[in-house]
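A short worksheet on the structure shown next.
All chains are named by letter (A, B, ...) in the order of the sequence lines, taking the proteins before the strands, and each is independently numbered beginning at 1.
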Amino acid sequence: ILNVEQSPQSLHVQEGDSTNFTCSFPSSNFYALHWYRWETAKSPEALFVMTLNGDEKKKGRISATLNTKEGYSYLYIKGSQPEDSATYLCAFRQKVTFGTGTKLQVIP
Amino acid sequence: NAGVTQTPKFRILKIGQSMTLQCTQDMNHNYMYWYRQDPGMGLKLIYYSVGAGITDKGEVPNGYNVSRSTTEDFPLRLELAAPSQTSVYFCASSLRDRGFPLHFGNGTRLTVT
């Protein structure tokens, strides 16, 4: 069983704050790492697919970095907005093992 | 494209009953997956398939069966429903492995009483 861990489990931030979360995964036999955004009562939607060490991806105010040698990825949100409130999941691509997610609540 | 379609949306089963959760995708994706979502536990992989005729177990396969006779369809079968199978089930697909993201269906909420 692959161990994919995310921290923190939950986070409350004020509107306008920037924040970041961590995804830790096994550093051996790296294949790919995905980030998903999961709003309540909806299905997860893909944010980023990262395959190379040092990858940096950006979509609007959200960005992610990848370090495969040490087995972690960071997701950053700049200037959080209430619509960013969701659970953010990372997934390690071998058999697509998901972490338990970071639940973000942005307070207006 | 409809994407990934799951039916039914909701279902209540009695202990010992059986049912099939349907999943179909119209994106010609090779890979398909079934997950269950348990509170505080994230998504756990039940079964997956890399193409028609090929299936393999995930983390939590006990109590479930799957088949993949066509590229489009990947039904999940519960033979003898148990309360521990109360969960929200998500089907997903991806074009291929590695660099391709998963596309999820809207989920099936199953209660076993």
Side-chain angles (χ1 to χ4, degrees), chain A residues 1-11 21-26 29-53 55 57 59 62 64 66 68 73 75 86-104, chain B residues 1-7 9-10 21 23-25 27 29-50 54-62 66 74 87-109:
Chain A
I1 296 177
L2 297 168
N3 219 16
V4 180
E5 295 183 355
Q6 291 188 247
S7 61
Q9 277 191 319
S10 66
L11 196 54
F21 334 127
T22 305
C23 174
S24 302
F25 52 84
N29 298 319
F30 179 80
Y31 206 46
L33 189 90
H34 297 187
W35 281 99
Y36 292 83
R37 184 170 179 272
W38 194 0
E39 291 182 72
T40 303
K42 293 189 178 179
S43 308
E45 289 185 348
L47 284 171
F48 304 115
V49 172
M50 310 178 82
T51 56
L52 297 174
N53 185 42
D55 253 355
K57 302 269 182 169
K59 187 184 285 191
I62 304 177
L66 179 67
T68 62
S73 176
L75 188 81
T87 296
Y88 292 83
L89 296 171
C90 69
F92 190 62
R93 198 57 173 92
Q94 283 171 305
K95 290 192 179 182
V96 201
T97 302
F98 280 86
T100 52
T102 293
K103 186 170 184 177
L104 174 68
Chain B
N1 284 355
V4 179
T5 303
Q6 288 183 239
T7 56
K9 285 187 167 54
F10 305 94
L21 281 65
C23 176
T24 188
Q25 51 92 10
M27 298 174 283
H29 284 178
N30 293 308
Y31 286 64
M32 294 188 76
Y33 312 82
W34 273 106
Y35 288 90
R36 57 178 284 170
Q37 176 205 4
D38 296 324
M41 301 293 287
L43 293 168
K44 295 292 185 187
L45 182 64
I46 305 171
Y47 272 95
Y48 68 102
S49 168
V50 301
I54 306 169
T55 63
D56 205 351
K57 295 178 181 178
E59 298 170 82
V60 290
N62 291 344
V66 292
F74 190 40
S87 189
V88 181
Y89 292 83
F90 287 95
C91 178
S93 71
S94 65
L95 181 60
R96 284 193 291 276
D97 204 351
R98 190 169 181 157
F100 295 88
L102 271 62
H103 297 256
F104 284 83
N106 288 329
T108 295
R109 184 175 293 275

- Task: For the pair Y36(A) (side chain) and L102(B) (backbone), establish whether a donor and an acceptor sit closer than 3.5 Å, ignoring hydrogens and angles.
- Result: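 A pair under 3.5 Å: yes.
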
- Task: Name the region of Y31(B), side chain, backbone, both or neither, that has any atom closer than 4.5 Å to a heavy atom of chain A.
- Result: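 Neither part; nothing is under 4.5 Å.
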
How many angstroms lie between [atom1] in [X] and [atom2] in [Y], if you round to the nearest 0.5 Å?
X       : Y       : atom1 : atom2 : answer
Q37(B)  : T100(A) : CD    : OG1   : 12.0 Å
F104(B) : W38(A)  : CZ    : CH2   : 7.5 Å
F100(B) : T51(A)  : CZ    : OG1   : 10.5 Å

- Query: So which part of K42(A) gets closer than 4.5 Å to some heavy atom of chain B, the side chain, the backbone, both or neither?
  - Reply: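 For K42(A), the backbone is the part near chain B, not the side chain.
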
- Item | Enclosure of N30(B) CG (heavy-atom neighbours >12, cutoff 6.0 Å) |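 Yes, enclosed.
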
- Message: Please determine whether the number of non-hydrogen atoms from other residues, nucleotides or ligands lying under 6.0 Å from atom CD of E39(A) exceeds 12.
- Response: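 Atom CD in E39(A) is crowded, with more than 12 foreign heavy atoms closer than 6.0 Å.
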
- Kindly give the heavy-atom pair with the smallest separation between P44(A) and L43(B), and that separation in Å.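 What the structure gives for the nearest pair is CG-CD1, 4.2 Å.
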
- Query: Hey, does S94(B) have a side-chain heavy atom less than 4.5 Å from the side chain of V96(A)?
  - Reply: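 Counting from C-beta outward, V96(A) and S94(B) never come under 4.5 Å.
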
